[in-house]
Amino acid sequence: MKSSIVKRILAIALIVAGVVTAVLASKDAGSVRWMGLFLLVSGIYFLVSQKASPEQREQAAQQRDITPPIKWYQSPILWVPVAALIIALVSFYVAN
């Protein structure tokens, strides 16, 4: 269980590092911005591709009975890539 938490924290750290690198790079450092975008996308992929353990699935099934399911527009799977795309576009627009 602790290893899955560590993996998720590392994935989130990659996302944060990618956002910071893409946004705070200087105007002349286009390759640094691309590296930040790569870190951001790889962090998102790493976070989304993680499998849940049987223990986590069981806890989620129990919680599902208690709480109503979220709507499609509340899903972080939708909004994380949208936010990443907006941040990337703003950072490239501000750079030029």
Side-chain angles (χ1 to χ4, degrees):
M1 171 114 169
K2 289 186 179 184
S3 65
S4 66
I5 293 172
V6 171
K7 287 180 183 177
R8 289 182 182 158
I9 290 172
L10 288 174
I12 293 171
L14 268 176
I15 293 170
V16 170
V19 168
V20 169
T21 304
V23 172
L24 296 180
S26 67
K27 291 183 178 180
D28 299 330
S31 61
V32 175
R33 288 187 188 267
W34 282 108
M35 183 184 71
L37 185 61
F38 173 75
L39 286 174
L40 179 70
V41 170
S42 62
I44 291 170
Y45 174 76
F46 187 52
L47 186 63
V48 170
S49 67
Q50 292 180 14
K51 303 273 186 208
S53 69
E55 188 177 278
Q56 291 171 334
R57 288 187 193 133
E58 183 180 327
Q59 288 176 353
Q62 290 174 354
Q63 187 180 13
R64 208 175 298 127
D65 294 337
I66 298 169
T67 58
I70 61 174
K71 306 289 186 204
W72 67 270
Y73 52 83
Q74 296 172 320
S75 173
I77 294 174
L78 170 73
W79 290 109
V80 167
V82 169
L85 181 65
I86 290 171
I87 290 170
L89 288 174
V90 167
S91 68
F92 284 116
Y93 178 74
V94 170
N96 295 328

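Residue numbers run from 1 in the order of the sequence given.
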Query raised in the report: Is the side chain of Q74 donor-acceptor paired with the backbone N or O of K71 at a distance under 3.5 Å, no angle test?
Result: yes

Report summary line: Between the CD1 atom in I87 and the CG atom in L40, the distance rounded to the nearest 0.5 Å is 7.0 Å

Requested in this report: Search all heavy atoms of A84 against all heavy atoms of I44 and return the closest pair with its distance.
Outcome: CB-CD1, 3.7 Å

Report summary line: In terms of heavy-atom contacts, P81 and P76 come closest through CD-O, 4.1 Å

Report task. Keeping the roles fixed (side chain from W79, backbone from Y73), state whether a donor-acceptor pair exists under 3.5 Å. Result -> yes

Query raised in the report: What distance separates L47 CG from L10 CG, expressed to the nearest 0.5 Å?
Result: 11.0 Å

Query raised in the report: With the 4.5 Å side-chain cut-off for hydrophobic clustering, are L85 and V16 part of the same group?
Result: no

Query raised in the report: Taking S42 for the side chain and L39 for the main chain, is one N or O donor matched with an acceptor at less than 3.5 Å?
Result: yes

Query raised in the report: In this structure, are over 12 heavy atoms from other groups packed under 6.0 Å from I77 atom CD1?
Result: no

Query raised in the report: Are side-chain heavy atoms of R33 and T21 found at a separation under 4.5 Å?
Result: no

Query raised in the report: Heavy atoms, side chains only, cut-off 4.5 Å: are I15 and F46 in contact?
Result: no

Report summary line: CH2 (W34) and CZ (F92) are apart, to the nearest 0.5 Å, by 4.5 Å

Report summary line: For S75 and I70 the tightest heavy-atom approach is CA-CD1, 3.8 Å

Query raised in the report: Can V32 be reached from V94 by stepping across I, L, V, M, F, W or Y side chains whose heavy atoms are under 4.5 Å apart?
Result: no

Query - Nearest non-hydrogen partners of S91 and A22, listed with the distance - result: CB-O, 3.6 Å

Query raised in the report: Taking a hydrophobic cluster as the set of Ile, Leu, Val, Met, Phe, Trp and Tyr residues connected by side-chain heavy atoms closer than 4.5 Å, whether directly or through intermediates, do L37 and I12 fall within one such cluster?
Result: yes

Query raised in the report: Transitively linked via ILVMFWY side-chain contacts under 4.5 Å: V80 with V20?
Result: yes

Report summary line: d(R57 CZ, Q62 CD) to nearest 0.5 Å is 14.5 Å

